[in-house]
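In the text below, chain A, chain B and the rest are named by the order of the sequence lines, each starting its count at 1. Note that this is a predicted model, so its numbers are computed, not measured.
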Amino acid sequence: MLEPKNMSFYEQVYEVVRLIPNGRVCTYGAIARFLGTGKSSRLVGWAMNNSHQVLPSVPAHRVVNRMGMLSGKAHFPPDYPMQQLLEQEGIQVLNDQVIDFNRLFWDPMKELSIL
DNA sequence: CGATTGACGTACG
DNA sequence: TCGTACGCCAATC
């Protein structure tokens, strides 16, 4: 599990998503490109869909599309909507759109490539 | 087992 | 600048 060789694409997605700092957001494409396959951004969405049963909990609410829109908010539990989870972290959301998305954007390539 | 879809992104007209 | 087409991989029908 700790070996990337044994990790599936979406398992690696979970790891990256867990690394997203509190109050920050990331995109499907950025995660996909960080894992090497920039065109597999849809798989990131599929990974998030399955992340409901994955432990530890994956902060999927911090993952939005390239435009900063909460494209997957409909897939979140009604009790804790995606927007509410983001607002709890101090992220302002208006019309399913993250305010100052460019400033809050956490790029795994940029942040983790340095390591 | 083959066809379609999906929480996306890029390329092209 | 806006709208449409394609790719990517897994899951579902």
A.B. asks: For A/F76, report the nucleic acid contact type (base, sugar-phosphate, nothing); a contact means any heavy atom under 4.0 Å.
C.D. replies: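 Base contact - A/F76 has a heavy atom under 4.0 Å of at least one base atom.
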A.B. asks: Can you tell me if A/N22 has over 12 outside heavy atoms packed within less than 6.0 Å of its CG?
C.D. replies: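 More than 12 heavy atoms, drawn from other residues, nucleotides or ligands, come within 6.0 Å of this atom.
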A.B. asks: Atom CZ of A/F34 and atom C1' of C/dC8: how far apart are they, to the nearest Å?
C.D. replies: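 Spelled out: CZ on A/F34 to C1' on C/dC8 is 19 Å.
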A.B. asks: Which sits closer to the 5' end of DNA chain C, A/N50 or A/S41, going by the nucleotide each is nearest to?
C.D. replies: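 It is A/S41, whose closest nucleotide lies nearer the 5' terminus.
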A.B. asks: Looking for any heavy atom pair under 4.0 Å, which part of the strands does A/H61 touch: base, sugar-phosphate only, or nothing?
C.D. replies: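 No contact.
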A.B. asks: Between A/R42 and A/Y10, name the one whose nearest nucleotide on DNA chain C is closer to the 5' end.
C.D. replies: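 Its nucleotide being nearer the 5' end, the pick is A/R42.
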A.B. asks: Determine whether more than 12 heavy atoms belonging to other residues, nucleotides or ligands lie under 6.0 Å from atom CZ of A/R33.
C.D. replies: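 No, not enclosed.
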A.B. asks: Just call it for A/S40: base, sugar-phosphate, or nothing, with non-hydrogen atoms closer than 4.0 Å on any strand.
C.D. replies: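 The answer is sugar-phosphate, as A/S40 gets under 4.0 Å only of primed atoms, P, OP1 or OP2.
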A.B. asks: What's A/R66 touching, base or sugar-phosphate or nothing? Going by heavy atoms closer than 4.0 Å.
C.D. replies: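 Contact class for A/R66: sugar-phosphate only.
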A.B. asks: Answer with base, sugar-phosphate or nothing: what part of the nucleic acid does A/N65 contact at a heavy-atom distance below 4.0 Å?
C.D. replies: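 It contacts sugar-phosphate atoms only.
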A.B. asks: Round to a whole Å and report the spacing from NZ of A/K39 to P of C/dA10.
C.D. replies: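 Taking NZ of A/K39 and P of C/dA10, I get 17 Å after rounding.
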A.B. asks: Please work out which residues in residues 89-104 of chain A have a non-hydrogen atom less than 4.0 Å from an atom of DNA chain B and list them by number.
C.D. replies: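 Per residue number, the list is empty: none.
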A.B. asks: Taking atom P in both C/dC2 and B/dA7, what distance in whole Å separates the two?
C.D. replies: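 Result for the P pair: 24 Å, nearest Å.
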A.B. asks: Under 4.0 Å from a heavy atom of chain A: give me the 5'-most and 3'-most nucleotides of DNA chain B that qualify.
C.D. replies: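 So the contact region on DNA chain B extends B/dG6 to B/dT10.
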A.B. asks: Using side chain to side chain contact (heavy atoms under 4.5 Å, CB included) as the criterion, point out the one residue from A/K110, A/M109, A/Q12 that pairs with A/F34.
C.D. replies: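 Checked A/K110, A/M109, A/Q12 against A/F34; only one passes side chain to side chain contact (heavy atoms under 4.5 Å, CB included): A/M109.
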A.B. asks: With a 6.0 Å cut-off (strictly less than), is the heavy-atom count around CD of A/Q92, excluding the residue itself, greater than 12?
C.D. replies: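 No, CD of A/Q92 has 12 or fewer neighbouring heavy atoms, counting only those of other groups under 6.0 Å.
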A.B. asks: When you check the side-chain N and O atoms of A/H61 and A/E89, is any donor under 3.5 Å from an acceptor?
C.D. replies: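 On atom types as modelled, these side chains qualify, holding a pair under 3.5 Å.
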A.B. asks: Checking the side chain of A/N95 only, and the main-chain atoms of A/Q97 only, is there a donor and an acceptor separated by less than 3.5 Å?
C.D. replies: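 Between the backbone of A/Q97 and the side chain of A/N95 there is no qualifying donor-acceptor contact (under 3.5 Å).
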A.B. asks: Ignoring hydrogens, what is the shortest heavy-atom contact between A/T27 and A/V63? Give both atom names and the distance.
C.D. replies: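 The answer is C-CG1, 4.2 Å.
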A.B. asks: In Å, rounded to the nearest 0.5 Å, how long is the span from CD1 of A/I91 to CG of A/L86?
C.D. replies: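 One finds 4.5 Å between CD1 of A/I91 and CG of A/L86.
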A.B. asks: I'd like to know if the side chain of A/Y28 and the backbone of A/V64 have a donor-acceptor N/O pair within less than 3.5 Å.
C.D. replies: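 Such a contact is absent between A/Y28 side chain and A/V64 backbone.
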A.B. asks: At their closest point, which heavy atom of A/E87 faces which heavy atom of A/V93, and how far apart are they?
C.D. replies: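 Looking at all heavy atoms of both residues, the closest pair is OE2-O, 4.1 Å.
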A.B. asks: When you compare B/dC8 with C/dT1, how far apart are their P atoms, in angstrom units rounded to a whole number?
C.D. replies: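 Nearest-Å result for B/dC8 against C/dT1 at atom P: 24 Å.
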A.B. asks: In whole Å, I'd like the distance from the NE2 atom of A/H75 to the P atom of C/dA11.
C.D. replies: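 The answer, rounded to whole Å, is 16 Å.
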A.B. asks: What residues from residues 23-33 of chain A pass a heavy-atom cutoff of under 4.0 Å to DNA chain B?
C.D. replies: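 Contacts with DNA chain B under 4.0 Å: A/T27, A/Y28, A/G29.
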A.B. asks: Distance-only, no hydrogens or angles: does the A/D100 side chain make a donor-acceptor pair with backbone N or O of A/R103 under 3.5 Å?
C.D. replies: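 Checked: no pair found.
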A.B. asks: Look at all strands and tell whether A/A47 reaches a base, only sugar-phosphate, or nothing, counting heavy atoms closer than 4.0 Å.
C.D. replies: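 Result for A/A47 = nothing.
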A.B. asks: Would you name the heavy atoms of A/F9 and A/L43 that are closest together and state the gap between them?
C.D. replies: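 Shortest heavy-atom contact: CE2-CB, 3.5 Å.
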